[in-house]
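These notes are about the structure you will find just below.
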Amino acid sequence: MHTIQVHDKSFIGFLSHEEILTRIEAMGNQINADYKGKSPLFIAILNGSFMFASDLFKSLNIEAEICFIKLASYKGIKSTGQVTTSIGLDVSLKDRDIILIEDIVDTGKTLHEFLPQLFDQNPSSIRIASLLHKPDALLYPIKVDYLGFEVPNKFLVGYGLDYDGLGRNLKDIYQLKIIE
Ligand code: IMP
Ligand code: MG
């Protein structure tokens with residue numbers, strides 16, 4: 001597996017673009033089946049989820065809408081524990097079936113802080129679709145309803161995920177190389 005450099009760190013190939021797309025197609029099929037006859041509203045959490053949101057949304061054949069919100073809790077390769085919102089929601093959630101799209105659920109803090117703001121608007125339902133999940137890092141009771149891959153507790157870049165702004169354009173997902 002080949003190694004790449006982003007800023008000062010080395011990363012090693014972890015999930016190929018083909019593996020990612022195959023898995024997303026299966027997630028889309030599951031959502032198509034579960035939401036048949038409904039018209040869910042997808043809320044993609046920027047920045048990290050933009051590529052996943054695009055491929056997941058293209059795999060749908062049901063009636064569906066999408067909008068975007070910007071939340072962030074990461075600086076460098078560590079969570080700051082502070083969730084900040086910089087683009088708000090401009091769509092009514094009342095009586096809607098909501099599916100949140102996340103790139104990765106790590107500590108769960110982002111969704112834990114954001115979910116009450118969504119429930120306040122009385123949606124019919126809220127589910128979470130996340131490409132990646134690090135169960136060993138989870139600190140908050142977040143349940144991922146549609147999961148791409150369970151991953152070890154190591155920092156990842158690529159396919160939308162960044163290390164201090166860089167690496168989002170990589171087609172594959174790479175894992176931080178730990179020098180023993
Ligand atoms: P949480 O609030 O700790 O669950 O973190 C969620 C957010 O942190 C994700 O949406 C990502 O944007 C970012 N994040 C968590 N783990 C990684 C990683 O391994 N690489 C890049 N970003 C990450
Ligand atoms: Mg994110």
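Order of listing sets the numbers, starting from 1, for every ligand and every atom in it.
- Across every non-hydrogen atom of Arg168 and Phe50, the tightest pair is CD-CE2, 4.0 Å.
- For ligand 1, the polar-atom distance check finds an N/O of Leu156 within less than 3.5 Å of one of the ligand's N/O atoms.
- For Val105, no nitrogen or oxygen atom sits less than 3.5 Å from a nitrogen or oxygen atom of ligand 1, counting backbone and side chain alike.
- Between Ile20 and the options Ile173, Asp55, Leu132, a side-chain contact (heavy atoms from CB on, under 4.5 Å) holds for only Ile173.
- Across Leu170, Leu131, Asp172, a single residue satisfies side-chain contact (heavy atoms from CB on, under 4.5 Å) together with Tyr159, and that is Leu131.
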Just list the side-chain donor-acceptor pairs under 3.5 Å for residues 22-30, sequence neighbours left out, or say none.
{"unit_1": "Thr22", "atom_1": "OG1", "unit_2": "Glu18", "atom_2": "O", "d": "2.8"}
{"unit_1": "Arg23", "atom_1": "NE", "unit_2": "Gly148", "atom_2": "O", "d": "2.8"}
{"unit_1": "Arg23", "atom_1": "NH2", "unit_2": "Leu147", "atom_2": "O", "d": "2.8"}
{"unit_1": "Asn29", "atom_1": "ND2", "unit_2": "Glu25", "atom_2": "O", "d": "3.4"}
{"unit_1": "Gln30", "atom_1": "NE2", "unit_2": "Asp34", "atom_2": "OD1", "d": "3.1"}
{"unit_1": "Gln30", "atom_1": "NE2", "unit_2": "Asp34", "atom_2": "OD2", "d": "3.4"}

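- Every atom of ligand 1 is numbered from 1 in the order shown, and the set under 4.0 Å from a heavy atom of Glu102 is 10 (O).
- Residues Ile43 and Val91 fail the side-chain proximity criterion, which asks for heavy atoms closer than 4.5 Å.
- When heavy-atom distances to ligand 1 are checked against a 4.0 Å cut-off, Asn47 has no atom that comes that close, whether in backbone or side chain.
- Note that CZ of Phe42 is 6.0 Å distant from CG of Leu56, once rounded to the nearest 0.5 Å.
- The side-chain contact (heavy atoms from CB on, under 4.5 Å) test with Phe11 singles out one residue from Thr3, Val157, Leu156, and that residue is Val157.
- Atoms of ligand 1 lying under 4.0 Å from at least one heavy atom of Asp162, given by number and element, are 21 (C).
- Looking at heavy atoms from C-beta onward, Leu161 lies out of side-chain contact with Phe52 at the 4.5 angstrom threshold.
- Short contacts between ligand 1 and Thr110, defined as distances under 4.0 Å to a heavy atom of the residue, involve ligand atoms 1 (P), 2 (O), 5 (O), 6 (C).
- Not a single heavy atom of Ile45 sits under 4.0 Å from any atom of ligand 1.
- Listed by atom number, the atoms of ligand 1 under 4.0 Å from Ile104 heavy atoms are 6 (C), 9 (C), 10 (O), 11 (C), 14 (N), 15 (C), 16 (N), 17 (C), 23 (C).
- Residue Lys134 approaches ligand 1 through these ligand atoms, each under 4.0 Å from one of its heavy atoms: 16 (N), 17 (C), 18 (C), 19 (O).
- Close contacts between ligand 1 and Gly108 involve ligand atoms 1 (P), 3 (O), 4 (O) [criterion: under 4.0 Å to a heavy atom].
- Contacts between Leu161 and ligand 1, counted as non-hydrogen atom pairs separated by less than 4.0 Å, involve the side chain only.
- Heavy atoms of His112 stay at 4.0 angstrom or farther from ligand 1.
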